[in-house]
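Only one structure is covered here, and it is reproduced in the block below.
Just so you know, these numbers use all the heavy atoms, side chains as well, and skip hydrogens, waters and symmetry mates. Model, not experiment: these values are computed from the prediction.
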Amino acid sequence: MGKPDAEPIGLLLTRTAKVVSRAFDQALTEAGGSLPTWLVLVSLKGQAHGAQRELADAVGIEGPTLTHHLNRMEAAGLVTRRRDPDNRRAHRVELTDAGEAAFRRLLQTVAAFDARLRAGLADRELTALRGLLERLHTNVAGPDRPRPS
């Protein structure tokens with residue numbers, strides 16, 4: 001486990017993740033967004049997940065929770081929902097012009113936050129960090145589980 005007085009790596013990682021997560025949430029909030037809003041916008045912008053069920057999987061939340069977020073986003077004019085003409089039970093979610101603008105605004109915030117995280121780290125350190133985080137993920141989740149993106 002390393003030095004006897006060293007903090008366990010899992011605890012250090014947990015504490016660091018909480019600090020980073022809170023700071024990221026605050027940055028998004030200050031830009032008029034939220035983490036769920038950003039995850040929905042970026043998923044829709046990639047156009048890989050137009051169906052509501054696929055979108056929930058991509059964002060990593062349950063369908064009812066996504067519905068709550070989509071209701072809020074639709075009321076704010078960021079997205080529209082319509083029945084899929086090929087499957088009347090499914091809904092398609094699409095960005096509006098306001099959603100596109102929100103995406104661009106939040107993208108600037110995300111890029112600035114990423115630059116803040118990378119400050120003082122060399123490319124080789126970032127590559128090593130990514131490899132270490134992936135290894136920790138595999139150690140906990142197992143080799144057959146999807147890696148974090």
#### Entry: Under the side chain to side chain donor-acceptor pair (under 3.5 Å) test, residues paired with Glu125 that sit two or more places apart
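Not a single residue meets the side chain to side chain donor-acceptor pair (under 3.5 Å) criterion with Glu125.
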
### Query
Can you name the side chain to side chain donor-acceptor pair (under 3.5 Å) partners of Arg124, sequence neighbours left out?
none

### Message
Does anything in residues 103-113 form a side-chain hydrogen bond (donor to acceptor under 3.5 Å, both in side chains)? List the pairs, not counting sequence neighbours.
### Response
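Passing the test, one end in residues 103-113: no pairs.
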
### Message
Enumerate the salt bridge (charged side-chain N to carboxylate O under 4.0 Å, His left out) contacts for residues 109-121, please, sequence neighbours excluded, ordered by first and then second residue.
### Response
Asp114-Arg118

### Query
Does a sphere of radius 6.0 Å around CZ in Arg135 hold more than 12 heavy atoms from other residues, nucleotides or ligands, not counting ones at 6.0 Å or beyond?
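Counting neighbours around CZ of Arg135, 12 or fewer heavy atoms of other residues, nucleotides or ligands fall under 6.0 Å, so no.
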
### Message
Counting only heavy atoms from other residues, nucleotides and ligands, does the tally under 6.0 Å from CG of Asp123 exceed 12?
### Response
no

### Message
Under 4.5 Å side-chain heavy-atom separation, chaining through any Ile, Leu, Val, Met, Phe, Trp or Tyr, what else clusters with Leu126? Say none if it is isolated.
### Response
Leu121

### Task
Quick one: do Leu78 and Thr37 satisfy side-chain contact (heavy atoms from CB on, under 4.5 Å)? Show the steps, please.
CA-CA 9 Å; Leu78 302 178; Thr37 297; 4.2 Å; yes

### Message
The test is side-chain contact (heavy atoms from CB on, under 4.5 Å); show your working for Lys45 and Glu100 and say whether it passes.
### Response
CA-CA 8 Å; Lys45 187 65 177 168; Glu100 290 278 350; 2.6 Å; yes

Could you grab the distance from atom [atom1] of [X] to atom [atom2] of [Y], nearest 0.5 Å is fine?
X      : Y      : atom1 : atom2 : result
Arg130 : Leu133 : CZ    : CG    : 8.5 Å
Arg92  : Leu55  : CZ    : CG    : 10.0 Å
Leu107 : Leu41  : CG    : CG    : 10.5 Å

#### Entry: Counterpart residues, side chain to side chain contact (heavy atoms under 4.5 Å, CB included), relative to Val110 (two or more places apart)
Phe24, Leu28, Trp38

In a table with atom names and distances, give each donor-acceptor pair under 3.5 Å that connects a side chain of residues 9-23 to protein atoms at least two apart or in another chain.
from  : atom 1 : to    : atom 2 : distance (Å)
Thr14 : OG1    : Gly10 : O      : 2.8
Arg15 : NE     : Glu7  : OE2    : 2.9
Thr16 : OG1    : Leu12 : O      : 2.8

### Task
Considering non-hydrogen atoms only, spot the tightest contact between Ala98 and Gly77 and give its length.
CB-O, 3.4 Å

Without placing hydrogens or testing angles, list every side-chain donor-acceptor pair under 3.5 Å for residues 63-71, not counting sequence neighbours.
from  : atom 1 : to    : atom 2 : distance (Å)
Thr67 : OG1    : Gln52 : NE2    : 3.1
Thr67 : OG1    : Gly63 : O      : 3.0
His69 : ND1    : Arg72 : NH1    : 3.3
Asn71 : OD1    : Arg81 : NH1    : 3.4
Asn71 : OD1    : Arg81 : NH2    : 2.4
Asn71 : ND2    : Thr67 : O      : 3.4

